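Start at 1 and go down the list; that is how both ligands and their atoms are numbered. Nothing here was measured: the structure is a model prediction, and the numbers come from that model. All values below were derived from every heavy atom in this structure, side-chain atoms included, with hydrogens, water molecules and symmetry-related copies excluded.
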Amino acid sequence: MDGMEREDDRRLVAEVRARGQGHVFRFWDAISPEGRRRLLDQLASVDFDQIDSLVRNLVDEGPHRAILERDVRPPDVIPLPRSPVEREERARARREGEVLLAQGRVAVMTVAGGQGTRLGFDAPKGMFPIGPVTDRSLFRIHAEKILATGRRHGRPLLWLLLTSDATHAPTVEAFEQEGFFGLEREDVHFLPQRMMPSVDLEGALLLAEKDAISMSPNGHGGALLALRERGGLDRMRERGADLLFYHQVDNPTVPVPDPVMLGYHGHAGAEMSSKVVEKTDPNEKVGVLAQVAGRTRVIEYSDLPQAMAEARDTDGRLLFRAGSIAVHVFGRSFVERLTEGGLSLPFHVARKAIPHVDADGRKIEPERKNGIKFETFVFDALPEARVTVSQEVDRREEFAPVKNAEGEDSPATARRLLADLYGRWLRAAGVEVPFDAEGHVVGSAEISPLFALDQEECVAKLRGRGIRFHDTIVLAAPDA
Ligand code: UTP
């Protein structure tokens, strides 16, 4: 092959060929020297032993189903408070969490490295305009919560954002353009995650271009390794933060960070905690928490046998109803232990329609699933934790996922959930907001986290202000 002066390049090409992946050099003679370099650099980052073993395991789909042959039960969950005692316990958790925040012991991690393929937005999902009235972006909503929480407790929070090749550059650019949303730059760190090659259904590497193999982010489980490799844990250590509040960029209603959850986690001396919402439809596509052979785990909806998904307890509620909403708290020392000497979360296989360049150099946008992406999931760390806490929250308050362009879990549903949430805060503050029979605000409402972080603050700030609702209302930051 031309242009192969370096010995390590020659060795790499020989290895790629020996692994049966020599087709990736098919267009070598037609690509530029820069293109050749890019291809070689990408290939040098691939762990071929790992790919080979993942492809070998495709036949039995890995270990995920096997765990279900063991003893499986519903997990212990702190339920939504219904009695005065439970309400007092939740209030105590909040007070304890607030102390942790005031002591500067909390950092936030937002995972925002995903490709957002289902949404089909041509920028990182975090830039999606979701504010029901103002079109505030997801990033801005989270940033304002983090800023307001830091102000409330007199300690700015460290904010770590997981990015990837798919999102890093435009994310950093958006933060620059928006002046870091009012946050101090040194409080914000971007941690790019590792990428994994995609393969066709027979295990052959796919080409995204003539001079590039197809790669995708290694799943949100990559957050844990990125924390170590990209300096996130160091930053936390420097600032004395020993707790990490973890959430996904595509859920705008969750409190970031939530003092109640932090309080429960701290009180129990937990290593990893999770929020759940009650699953009421056996076919809802959320993973559920379970106790498997004495360890807490998330079982993906696709792995949960139908009989288990439909099983009910004596009250008629689903037995496996603890739906995970991908909000966690991690102890820093737990992440340090997990990532010591590399991280071995299992890879999950996702069959997808993956755009690629075919053998004749044509760009193909397949309609059917033609390939496989390999991803690790952060919740697979749960069984490694010695103590876990699971806390139930109200899905109307904290779960508004933005996944699809239309229909369920779309921008339209998330905007409505946001407007309804703010509408309820306003109603609690004595503002006459009309709701329809389904509990939706007639009109729209939006409250900046810098105006009020929660209902209590909203009520306190609006007392005696005589606010009237016409058909929309926006409460902005006091200094906006
Ligand atoms: P999803 O698994 O829902 O993926 O990610 P996605 O990228 O948003 O959308 P699709 O599946 O391509 O349509 C849940 C959260 O995890 C993050 C995403 O950015 C989102 O906040 N994530 C996912 C990462 O940070 N890295 C990954 O490799 C995968």
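- For residues 279-290, every residue pair satisfying the salt bridge (Lys or Arg N to Asp or Glu O under 4.0 Å) rule, not counting sequence neighbours, is listed here: Glu284-Arg395.
- Here Gln177 pairs with Glu173 under the side-chain contact (heavy atoms from CB on, under 4.5 Å) rule; sequence neighbours left out.
- For the pair His265 and Leu243, the minimum side-chain heavy-atom distance is below 4.5 Å.
- Considering every non-hydrogen atom in both Lys125 and Leu138, the closest pair reads O-CD1, 3.2 Å.
- Contacts of ligand 1 (protein heavy-atom distance under 4.0 Å) are Val111, Ala112, Gly113, Gly114, Gln115, Gly116, Thr117, Arg118, Lys125, Leu162, Gln193, Pro217, Asn218, Gly219, His220, Gln248, Val249, Asp250, Lys403.
- The aromatic ring centres of His247 and His328 sit 6.0 Å or more apart.
- Scanning for salt bridge (charged side-chain N to carboxylate O under 4.0 Å, His left out) contacts around Asp454 gives Arg152, with sequence neighbours left out.
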